[in-house]
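Only this structure's heavy atoms are used, side chains among them; waters, hydrogens and symmetry mates stay out. Labels below follow one simple rule: chain letters A, B, ... track the order of the sequence lines, proteins then strands, and each chain is numbered from 1. On a predicted model such as this, the values are computed, not experimentally measured, just so you know.
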Amino acid sequence: MVVMDILAGLNDAQKQSVTTTSGPLLILAGAGSGKTKALTHRIAYLIANEGVWPEQILAVTFTNKAAREMRERLSGLLGQENTRTFMPWMGTFHGICVRLLRIDGEAVGVPRNFIIYDEDDRQGLIKQAMKQLSVSDKEIKPRTISSAVSNAKNELVTPDEFESTAQFPYQKTIAKVYRQYEKMRREAGALDFDDLLIETVRLFRDHSTVRTKWRDKFTHILIDEYQDTNAAQYALIKLLVNNQQNIAVVGDDWQSIYSWRGADFTNILNFERDFPGATVIKLEQNYRSTASILDAAHSVILKNTQRSDKKLWTAAGEGAPVRVHAVDDETAEAAFVAEAIAAQVAIGTRRYDDVAVLYRTNAQSAPLERAFMRYGVKYRIVGGVRFYDRKEVKDILAYLKLAVQPRDRMSFSRVVNVPTRGIGATSLEKFLAWQGSTDFDIIAALSNVEQTSSLTPRAKAALAGLGEILRSIQASIVNDAPAEVIEKLIKRTGYDTYILDDTPQAEDRQENLGALISDASAFASVDDFLEEAALLSSADSSADDNEVTLMTLHAAKGLEFPVVYMVGMEEGILPHARVYEAGPAELEEERRLCYVGMTRAREELHLTYAYSRITFGQRSYQPVSRFIADMGDQVLQTTGGPDRGATNRYTADEFDDFFPDEPFTSGDRVKSQAFGKGTVVDVDGLALTIEFDGGTTKRLNAEYARLEKI
DNA sequence: CGGTTGCACTTTTTT
DNA sequence: AGTGCAACCG
């Protein structure tokens with residue numbers, strides 16, 4: 001690999017991003033400006049031309065998927081074979097922190113076998129903490145406390161500090177719950193998502209030997225999506241950067257959409273202040289979208305006051321205008337989108353996987369799913385109910401967690417009576433009270449349950465039985481591959497028959513367990529598997545089948561599609577109603593969200609809004625989103641006027657204008673790649689009945705059959 | 001103890 | 001509209 005190859009095909013700003021290898025570097029990368037390319041080539045350049053070892057590079061990405069893709073591209077660029085172990089320190093903040101804590105966490109009291117609590121686990125434990133403190137969940141919702149705790153942690157605020165600054169009684173209460181939650185969490189040997197970051201910060205802050213070791217090791221640091229770093233991540237970065245100051249951050253404040261999670265885009269605006277002498281490079285050429293799309297997106301974002309100045313431009317032509325489509329309601333909206341996609345696919349101008357449908361809230365996916373099924377449009381949903389959030393999957397994972405970490409009361413409480421084994425709330429409480437008074441961990445306590453007098457013989461027998469099951473799982477973890485462990489677990493616990501009720505979901509659940517087993521087979525150990533399951537984001541799945549992608553605007557960050565539909569362009573949805581009572585800052589974030597969505601589109605961008613929509617089981621009427629007005633008239637061609645209200649439907653002509661369709665009709669002469677020439681004798685949507693000249697009659701799908709009109 | 005019924009709440013976005 | 005949970009009954 002020579003310098004020329006690595007720099008070939010890059011523009012000047014990109015080249016500079018690659019070759020500026022020493023000192024702090026800020027790359028302001030607009031949407032679609034070839035940021036990933038610049039980053040990948042930068043790493044390749046460091047390794048191939050500057051003699052930096054891959055192990056010395058700390059590269060932080062926003063999602064696991066981004067890390068995986070970059071690792072693959074990099075391997076290709078450098079001709080690497082062993083993709084899996086290459087660039088071991090490339091990953092998300094959370095993933096990297098897990099690795100660091102597994103190695104050095106004991107210095108700050110993090111047990112080597114710690115398990116990771118997800119949002120559900122955390123909320124469950126907070127509920128328990130509230131119960132113990134007799135805090136009614138009517139007064140303060142567990143969710144509120146959970147997010148308060150998360151915010152506190154992200155700001156590196158301890159329970160003590162929280163309490164000392166608390167002014168109102170309810171803040172005192174939150175502080176109390178926070179402290180109790182921390183106590184219980186620690187006893188369970190678990191870390192929540194935020195702990196992964198702050199324990200690592202504590203590790204580096206309080207242990208200079210450890211800090212120095214890692215500082216010296218990481219000679220080059222790269223942070224992607226820097227605009228979405230929070231205070232804890234910022235502190236971590238500061239602690240890890242050594243005197244060489246070889247830190248490169250990449251981001252775009254226009255695309256900061258995670259402030260609700262503690263992200264602070266002033267981190268990127270202040271980079272030059274934090275790292276004096278930083279080189280600043282702006283990537284301003286957009287290689288993704290047509291001028292129409294870029295102009296419209298620009299008009300939206302320019303209304304924000306809190307933003308940097310930059311001027312994205314494209315060499316691409318104007319392209320098709322951004323289209324705005326008014327529809328009756330959410331059903332009509334879904335049908336419109338499904339029909340339009342089906343039409344484009346049917347005539348072969350697009351494939352399903354050219355298209356993404358983006359929405360503000362997960363709840364909006366339901367009508368779309370129904371319509372897509374009805375129209376036979378293949379789709380996949382990114383996010384929503386994540387695979388690893390399914391009840392049956394979480395149950396199995398809870399068994400595994402408990403086997404790995406027998407002090408994990410949360411997981412124990414989850415599985416103690418699943419499948420039902422006659423242990424109710426009373427027995428559970430008694431057992432836990434007794435176990436807490438002994439030195440036994442949960443599994444040991446189960447095995448010694450005879451020693452307590454407070455339980456009925458029946459309950460004791462059931463608990464002892466569970467203890468045996470857990471011991472057998474532990475043994476299996478030592479001896480068997482992860483997939484086998486899970487298979488045995490499912491049988492041993494009777495979970496396989498437990499999920500076979502007579503509901504229609506029984507089959508789904510079975511399939512999910514099958515998928516879980518096959519997922520697990522890719523891992524070397526149960527520990528690895530549990531880690532991945534906890535940290536995998538909803539944006540990480542990568543089914544590359546030919547399917548339309550449905551996802552939230554947030555999940556779409558970093559992706560691009562030839563055709564994008566943004567649905568629900570109404571006040572109250574985008575911008576979301578919740579920001580009305582918040583402040584201008586929140587409205588600006590909604591605007592950035594709109595910008596992010598629009599700039600995902602390469603060639604075609606369609607926006608839809610509905611005259612009415614059912615929310616919370618109530619029909620509501622919302623005006624069109626202000627962002628549509630912001631886009632300006634010249635780039636928009638509105639079909640179906642806003643004034644046409646409830647009767648606003650597309651005429652057949654209008655529809656054909658926008659989605660030219662040339663469907664097959666009876667009598668058409670066609671040629672099939674597989675069956676030769678024939679005549680269409682019947683049409684039912686995409687299903688065609690064709691009499692081939694050889695005499696055979698086939699029913700074919702117009703989309704897949706590779707038919708050609710002749 | 002376990003299942004069922006009815007009521008209340010939901011919908012912001014996620015590592 | 002769909003889900004989760006609390007209160008009730010068998």
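- Comparing B/dC1, B/dT11, B/dT15 against the side chain of A/Ala363 picks out B/dT11 as the nearest.
- Centroid-to-centroid, the aromatic rings of A/Tyr495 and A/Tyr498 come within less than 6.0 Å.
- Between the C1' atom of B/dT15 and the NZ atom of A/Lys65 lies a distance of 16 Å, rounded to the nearest Å.
- For the residue pair A/Tyr595 / A/Gln255, no side-chain donor-acceptor distance below 3.5 Å is found, with atom types taken as modelled.
- Note on A/Phe93: nothing from the nucleic acid sits closer than 4.0 angstrom, heavy atoms only.
- Residue A/Thr63 places no side-chain N or O under 4.0 Å from the OP1 or OP2 atom of B/dT15.
- The CZ-C1' distance, from A/Arg578 to B/dT10, rounds to 12 Å in whole Å.
- Because its NZ or CZ atom is both nearer than 6.0 Å to the ring centre of A/Phe114 and within 45° of the ring axis, A/Arg102 counts as a cation-pi partner of that residue.
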What pairs of nitrogen or oxygen atoms, one from the protein and one from nucleotides 2-5 of chain C, lie under 3.5 Å apart?
residue	atom	partner	partner atom	Å
C/dC5	OP1	A/Lys127	NZ	3.1

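- Following rounding to the nearest Å, A/Leu574 (CG) and B/dT11 (P) show an atom-to-atom distance of 18 Å.
- The CG atom of A/Leu236 sits 5.0 Å away from atom SG of A/Cys97, with the distance rounded to the nearest 0.5 Å.
- The distance from atom CG of A/Asn151 to atom C1' of B/dT15 is 14 Å, rounded to the nearest whole Å.
- Here A/Tyr117 and A/Tyr181 keep their ring centres 6.0 angstrom or further from each other.
- A/Glu225 places its CD atom 19 Å from the P atom of B/dT13, with the value rounded to the nearest Å.
- Using a 4.0 Å heavy-atom cutoff across all strands shown, A/Ile423 reaches sugar-phosphate atoms only and no base atom.
- Salt-bridge check for A/Asp121 with A/Arg414: failed, with every basic side-chain N at 4.0 Å or more from each acidic carboxylate O.
- Taking only side-chain atoms of A/Asn362, from C-beta outward, the nucleotide of B/dT11, B/dT14, B/dT15 with the closest atom is B/dT14.
- Set against B/dC1, B/dT15, B/dT14, the side chain of A/Ser427 has B/dC1 as its closest nucleotide.
- For the pair A/Lys141 and B/dT10, the criterion of a side-chain N or O lying under 4.0 Å from OP1 or OP2 is met.
- Using P as the reference atom, B/dT13 and C/dG4 are 15 Å apart when rounded to the nearest Å.
- Among the atoms of the strands shown, base atoms are found under 4.0 Å from some heavy atom of A/Glu119.
- When distances run from any side-chain atom of A/Thr426 to the nucleotides B/dT15, B/dT14, B/dC1, the shortest one goes to B/dC1.
- Of the candidates A/Arg626, A/Gln622, A/His576, A/Arg626 is the only one forming a side-chain hydrogen bond (donor to acceptor under 3.5 Å, both in side chains) with A/Glu571.
- For A/Asp228 and B/dT15, the CG to P distance is 12 Å, given to the nearest whole Å.
- In this structure, the aromatic ring of A/Trp260 is positioned over the six-membered ring of the base of B/dT13, centres within 5.5 Å and planes within 30°.
- Residue contacts for A/Arg143: at a heavy-atom cut-off of 4.0 Å it reaches the sugar-phosphate backbone alone, with no base atom in range.
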### Pair A/Arg409-A/Gln128, side-chain hydrogen bond (donor to acceptor under 3.5 Å, both in side chains): steps then yes or no
CA-CA 10 Å; A/Arg409 290 180 155 211; A/Gln128 286 183 23; over 6 Å; no
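- A straight line from CD of A/Gln364 to P of C/dA1 spans 18 Å, rounded to a whole angstrom.
- Heavy atoms of A/Thr615 sit nowhere under 4.0 angstrom from any nucleic acid atom.
- Residues A/Asp194 and A/Asn417 each lie close to DNA chain B; by heavy-atom proximity, the contact nearer the 5' end of the strand is made by A/Asn417.
- Each of B/dT10, B/dG2, B/dT14 was ranked by its minimum atom distance to the side chain of A/Thr420; first place goes to B/dG2.
- Following rounding to the nearest Å, A/Asn154 (CG) and B/dT14 (C1') show an atom-to-atom distance of 12 Å.
- For A/Phe616, counting side-chain heavy atoms from C-beta on, the closest listed nucleotide (B/dC1, B/dT11, B/dT14) is B/dT11.
- Remark: A/Arg122 is not in phosphate contact with B/dT15, judged by side-chain N or O atoms under 4.0 Å from OP1 or OP2.
- Candidate nucleotides B/dT15, B/dT14, B/dT13 were compared by shortest atom distance to the side chain of A/Thr361, and B/dT13 ranks first.
- Checking each of A/Glu588, A/Arg592, A/Glu589 against A/Ser259 for a side-chain hydrogen bond (donor to acceptor under 3.5 Å, both in side chains) leaves exactly one that passes, namely A/Glu589.
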